[in-house]
Each structure stands twice: as C-alpha cells, then as structure tokens.
Participant: 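One structure coming up, written as structure tokens, with questions to follow.
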Protein chains: 2
Amino acid sequence: MTVTIKDIARKAGVSRTTVSRVLNDSGYVKDETRQRVLKVIKELNYTPSAIARSLSTNKSNTIGVIVPEINNPFFGEIIKGVGQVADEHNLNIILCNTDDDREKELKALKILKEQRIRGIIITPTYAEDQFNSEYLSTLENLGIPVVLLDGHVKYSNFSGIFIDHVKGAYDATKALIKAGHKKIAIINGRKNYKITVDRFKGYKKALNENNIFVEDKYVFYGDFEYESAYKITKHILKMNDRPTAVFVTSNMMILGSIKAFYEENINIPRDMAIIGFDKIDALNIIGMNISFVNGPTIEMGKVGMKMLIDNLDNKKSKEEIKRITLFPKLVLKGSEKFINNKCE
Amino acid sequence: MTVTIKDIARKAGVSRTTVSRVLNDSGYVKDETRQRVLKVIKELNYTPSAIARSLSTNKSNTIGVIVPEINNPFFGEIIKGVGQVADEHNLNIILCNTDDDREKELKALKILKEQRIRGIIITPTYAEDQFNSEYLSTLENLGIPVVLLDGHVKYSNFSGIFIDHVKGAYDATKALIKAGHKKIAIINGRKNYKITVDRFKGYKKALNENNIFVEDKYVFYGDFEYESAYKITKHILKMNDRPTAVFVTSNMMILGSIKAFYEENINIPRDMAIIGFDKIDALNIIGMNISFVNGPTIEMGKVGMKMLIDNLDNKKSKEEIKRITLFPKLVLKGSEKFINNKCE
DNA sequence: GTGAAAGCGCTAACAA
DNA sequence: TTGTTAGCGCTTTCAC
C-alpha cells in the first residue's frame, strides 16, 4: 500500500541501507547515487515512517504535554511557546487535556508511556498542591525527563520553570503605595497554596518596607474563581474603614471584583484602585485599562521546552534537576492610580 | 532497558504469542495462564509499546489536529471537544499549531504523515479562503480521512462540520428588530469570505422579512480584528442618521466596538443596542451583558471527531464525504434592547 | 490452548 | 562507497 524504503531501493537500484543513508545524511554516499535516490523518493512521494524509525532506533521524537484546561488561554499560550521550540527541534507534541480529573491524568501518563515519548511537560493546575502520590510515583517511574511549568517546588524531584510570585505581588503592591494608597486590600487565592502564600509574602514585604501595617481586615482569601472575589468585593465595599485599593491575585477573580464594582457604581480608579494578576485581554482592548501583573506564559512554554530538550540529551548523571525562575512583569494601565481622597 | 513482551513471556513461562493474546484479549488463553501473565505484567510494570504495535499492525492510534492559533480559546474549546471523544476511543492527538503560517501548515502535514496518523482534523483559519493549492493537494494525497471544522464548503473533497452562519446572523438581526430597531448596522468580516457573505445573507433576510430596506450606509466590512471595528464604530457614531443598533460579527471586533462606545460615552443599550458573534467570557462575567450568537465550539470538536472516527472505519467506498451543519445559538443578555427613542 | 516463525519499515554494525 | 544481516517489540498466520 504505502511506499516503503524497499520500494525506493528497488527502483533506484540500490540497497535499503543506501536509501537510509541519504535519508539521514549519514555515512558516505556518492553524489550521483544520492541524486538518483532522491529523485525516486520524489517520484514515489515517499515519506519515511517515524514509527519504524522509532522502533529501530529505540527513540521516538515525541514529547507529551499535559494541561488541565486546554480552553484556558493561559495554557494555550504555554502550549504555543512549547510548540515553537519543539518545532525547531523536530519534536512533536502529543497533547493530553485532563480537565483537572485525576483519572484522566493517570490515563494520560499511561498513554504517553505507551507512545514511548522522550520527555514530558506538565502544567499543574492550581490544585497542584493536591497532586496525588500515585500520579507522582507514576511520573517518576516513567524514567524520562519531566519539566514542571509553574509548579510547586515541593515536587523537588522534577525540573521546572517557576514564576516569582513574591516579586509579582511585591511590585503590584508597591505600585499602589506609590500611587498614594495606604489602605490596600488583597484578594488572594486559596489559603495554603504555594502561590497564595508567596503572593501574600510579596504584599506584606511591600507594605512593611513602607511602614504600613498589614491589617487582617484587609486580607481576604478566595478560591481563584470569580464568584469568590465577587462576594469578597461586595463585602469590602460595605466596610466602614474601607480600603482605597485592591490587589486581586488571579485573572478570573478580578472579573468578579469588577462585576461587584459595576453593580455598586464604583468607578475605577476614581473610587477604587485595582491591580490584577495575569492578563485579561478583553478588558484591556475595550479600554478598561486594568493594571495587572503579567505572568510570562509563552516564554514559560519556550524556556520549559528548552530545558526539557537539554535534559533529553543529558544522558550523563541520571538527570540533574534544574530550576529556572521567571519574573512576571507589572503592566500599569492607570487603574492603580490614586484619585479619590475622600476615604483618606 | 525497558521491559518487553519477551521478558514477560520468559518470566511467565509462556510464549510471546500468549502474552500478546492476554494483552489484546484475543484468542483462547486458559484462565490460569492469563492470571499468571497478568501478574508478571504488574510485577514488571510493563507497558506495551504502541510503536511496535503500530508497526506490526500497520495502524497507529494517533490522529492529527491542526489549528491556526492555539492560544485563542475558540480553538482551545474545539480541541477540548475533540479530545473528549478521542479519549473515549483511545485515540491520541498530535497537536500542530500553525500560527497561520503557510510553511508551518505544510510542515505539520509532513510530520503527521511521518507519524502515520489515522486521520486529521483541521480548523482552518479565517484566512481559509486562501488555502493554497499545495496544502490542499498534499492533504488529499495523504490518503487518510480528513475532517474540516467550520471550514469552507468549497473544499468539497473533504468531510466537515459547518456552522450555519446565515441562521446565526438572521437570529441576531431578528432579535434586534423585535426589540424595536429599524436602523440596524452590521460590522461584518472581510469581504468575499464565505462566512462574511453568509452572515450578510442572514442579516438581509431578517430585514427583508420585516420590510426593512438594507441601507448600504449601514453595511460595513472590517477584517475580524478589533481595530477595524473600532474605527468603523467611531464612524458610525458620527453619522447623521445613525443606526440604533449594531450587529458585530466576530468576538474580536465587538471588543473594538465597545471600546469606541466607551470613549464616546455611549451607554449600551440605552444609546446603542449591540449583538456580537461568538462569546467573550470576560465581558459577561463582569456584567456587561452583551448579547451574542454562540458558535458551538466544544460540540463542533466532538461532532467532528466522531465523524472522523466513522470515516476511519469506513474502509468501503473510498470514503464518503459527509457534512454536518451545526446551528449557533442566540444568547440574549439585554444589550439588544431598545431603550432609546430619540433617534427614531 | 499454546507456540514457532515470519514480518511490519527502518537502522546499524560489520563486511566487502 | 555500498551491501548483508540482524534486530527493534509487537502481531499474526499456521501448525500442533
């Protein structure tokens, strides 16, 4: 049915080995022979079988990418970055979308192992702190390089790219202070999560450096989803000594906050300043000018893939565990400004 | 290094054939033998090689998915749908993101062919009308089932899932009319594009049915990007006999329109009614309540993948070309209302 | 019920 | 510079 190396060999009057040589640019082949072979390849529209090659070399050129939510542009951008680098290295990607489902995660690992992938890139969900042990041990037993993207350092057995959430929160808080705010609330993610703790650290550091006390009444915890921030914001607006600024630590949560502001006719930043974490393209396009801390998603994908490639070749010491920290960038759009004085 | 079927066979004291039988539940195996084999498989943590199997059976369990823009949630949702169905059928996905780049498209096809994929799902970009012939012929020469998602019927050689854009535009326009509008502008996509033409048809049909004339001055063409709609909207707002409602035919473009409304202090829907095409989650979450025609993205992915699977087994007549039309759903949020009378 | 042997399409020593 | 041969890990007749 399909054209094989044998067909090429026969028609070109050479051995399969020779065809293989021109295919892989390996070994010596007389130029004349090479041309003849190439011509036949063209004529017969032959494409070598990556499957047969993988089996023969015992080495695939496929890597696995596991994401919890492919329809979230955050992960889409990561994949975009991963894909770009993979492309350059002629690696291809088997994508597994887990919908944050434990079983699917496990199944994905099994499928990827069957495919004898070279390495694996995982972007853990926010629920990362609940990585189950079966998943982890399966991952380790795979015996192939793993790179965690924006994961948790606690999984110290894996290489990974990390975002400096402390710095991100610090920058955001500092910008609010610089704009004149002293009463700054934080709507943070789920308590105990690493990123939540880190972001609080940054918030606290900025306040302390400016001799502002961290007031418990201004510290809130949501669950990363917009409803939680919506409720918290509603509550904030009813406070007696209400803050003049809010730092909201996820892109979904900031939507909830804005909704609440809308409903209560709070103008940003006239009545309330705000800075978010991770961008929401739509808001900026329509001109809402919400400032935010921008996690470098595409870059994270790229850097992560590069690291994986390094580890792929790194057959030496078992595989050294590498870590790279990326810094989020504060993007100021005006929503952090201090315009209102009446709450002072 | 890795455990193979041979290791299992040896340790279980049977032949490789028998191991293969229990692996695939094929042929007769004494239950006692089966148990013994299974036990060894567990012990050795054996996972069969999909690569070897594919080579042997001359049949992979991989399909290719090509998208132009993985970071756009529109495509992310499609992939999600595709993935769900693929999962159920133990098919896995090699993802190719082309960034709308001709060369990458071609390269993707080459890679997929090398991988001996069973079938392919393509979501053409808006630039679909410029599908180049090299791409198309390569696609046909692959000799495997292809399913186009939201593509162009003009590529009549392929099966596909289509969205009824006429109906979508018709419903939207009709809703505006029902809300009392008579002067309804349309900000459409690139002229000559199939979807643009279809949407205009729907718009026109709704107007005609209600004895409203299509006024050329209310018909605009952008390029699907938000800047174009922004400019057009600015223009609309300066018109003498300005419309009371606007139907904007892409999710990016509606952001541009809203930006323009914002800047000119136009309240929706008090001063201007609006309906978009394809959802923008963020806007609805923050409570802007923009009505829109919702393309069934996830469903499109699911239905498309199901169709591909059908075609996979369909070894009979070459492969019949199938078409399924999906209907977008109008989601009314209030922005289509008719509140302003002063323009009447 | 089970096994021997051939073969899928390719690569990689080793010879020539 | 080219070819022979064996083998990658699995499935699949066919025979026992």
Side-chain angles (χ1 to χ4, degrees), chain A residues 1-38 40-41 44-62 90 110-118 143, chain B residues 1-38 40-41 44-62 90 110-118 143:
Chain A
M1 206 63 245
T2 33
V3 185
T4 77
I5 202 173
K6 216 171 167 180
D7 302 315
I8 305 299
R10 190 181 318 122
K11 187 147 185 202
V14 297
S15 73
R16 288 167 352 208
T17 310
T18 303
V19 178
S20 176
R21 286 202 183 98
V22 348
L23 243 29
N24 300 292
D25 264 329
S26 64
Y28 299 88
V29 181
K30 205 200 293 176
D31 197 53
E32 185 200 314
T33 316
R34 173 189 313 280
Q35 296 311 329
R36 189 152 30 100
V37 170
L38 285 174
V40 176
I41 287 179
L44 266 46
N45 189 24
Y46 166 73
T47 305
S49 160
I51 294 177
R53 177 178 291 160
S54 293
L55 185 61
S56 179
T57 58
N58 198 15
K59 184 182 184 181
S60 81
N61 58 338
T62 304
N90 288 310
K110 183 172 165 253
I111 286 174
L112 292 176
K113 187 179 176 194
E114 282 179 355
Q115 297 296 331
R116 299 294 190 260
I117 52 162
R118 303 266 308 271
Chain B
M1 205 63 247
T2 33
V3 185
T4 76
I5 203 173
K6 216 171 167 179
D7 302 316
I8 305 297
R10 192 181 315 123
K11 187 147 186 203
V14 296
S15 73
R16 291 169 345 208
T17 310
T18 302
V19 178
S20 176
R21 286 205 183 96
V22 347
L23 244 29
N24 299 292
D25 263 331
S26 63
Y28 299 89
V29 181
K30 207 199 293 174
D31 198 53
E32 186 199 314
T33 316
R34 173 189 312 279
Q35 297 310 329
R36 190 152 31 99
V37 170
L38 286 174
V40 176
I41 287 179
L44 267 45
N45 187 25
Y46 166 73
T47 306
S49 159
I51 295 178
R53 178 177 291 160
S54 292
L55 185 62
S56 179
T57 58
N58 198 13
K59 184 180 182 182
S60 81
N61 58 338
T62 304
N90 290 309
K110 181 168 168 257
I111 287 174
L112 293 176
K113 187 178 176 193
E114 282 179 355
Q115 298 295 331
R116 299 293 190 259
I117 52 162
R118 303 265 308 273

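Residue numbering restarts at 1 for every chain, and letters A, B, ... go by the order of the sequence lines.
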Participant: Nearest-Å distance, CG (Asp25(B)) to P (dG1(C))?
Facilitator: 14 Å

Participant: State, with a plain yes or no, whether a side-chain heavy atom of Leu44(B) is found less than 4.5 Å away from one of Ile8(B).
Facilitator: yes

Participant: Would the base of dG1(C) count as contacting Thr18(B) through its side chain, where contact means a donor and an acceptor less than 3.5 Å apart?
Facilitator: no

Participant: Without decimals, in angstroms, what is the distance between Lys6(A) NZ and dT5(D) C1'?
Facilitator: 14 Å

Participant: Regarding Ser20(B) and Thr17(B), do their side chains bring together a donor and an acceptor under 3.5 Å, going by distance alone?
Facilitator: no

Participant: Could you tell me whether the phosphate oxygens of dC10(D), OP1 or OP2, come under 4.0 Å of any side-chain nitrogen or oxygen in Ser49(B)?
Facilitator: no

Participant: So what does Thr33(A) touch, heavy atoms closer than 4.0 Å: a base, only the sugar-phosphate, or nothing?
Facilitator: sugar-phosphate

Participant: Using side-chain heavy atoms (C-beta onward) and a distance below 4.5 Å, is Val19(A) in contact with Arg16(A)?
Facilitator: no

Participant: Ignoring hydrogens and angles, does a donor from either the side chain of Arg116(A) or the base of dG9(D) sit under 3.5 Å from an acceptor on the other?
Facilitator: no

Participant: Which part of the nucleic acid does Ser20(B) contact within heavy-atom distance under 4.0 Å: base, sugar-phosphate only, or nothing?
Facilitator: base

Participant: Contact class for Thr17(B) (heavy atom, under 4.0 Å): base, sugar-phosphate, or nothing?
Facilitator: base

Participant: With heavy atoms under 4.0 Å as the rule, sort Val19(A) into base, sugar-phosphate or nothing.
Facilitator: nothing

Participant: Give the nucleotide from the list dG9(D), dC8(D), dG3(C) with an atom nearest to the side chain of Ser56(A).
Facilitator: dC8(D)

Participant: Let me know the distance between CD1 of Ile5(B) and P of dA4(C), rounded to the nearest Å.
Facilitator: 14 Å

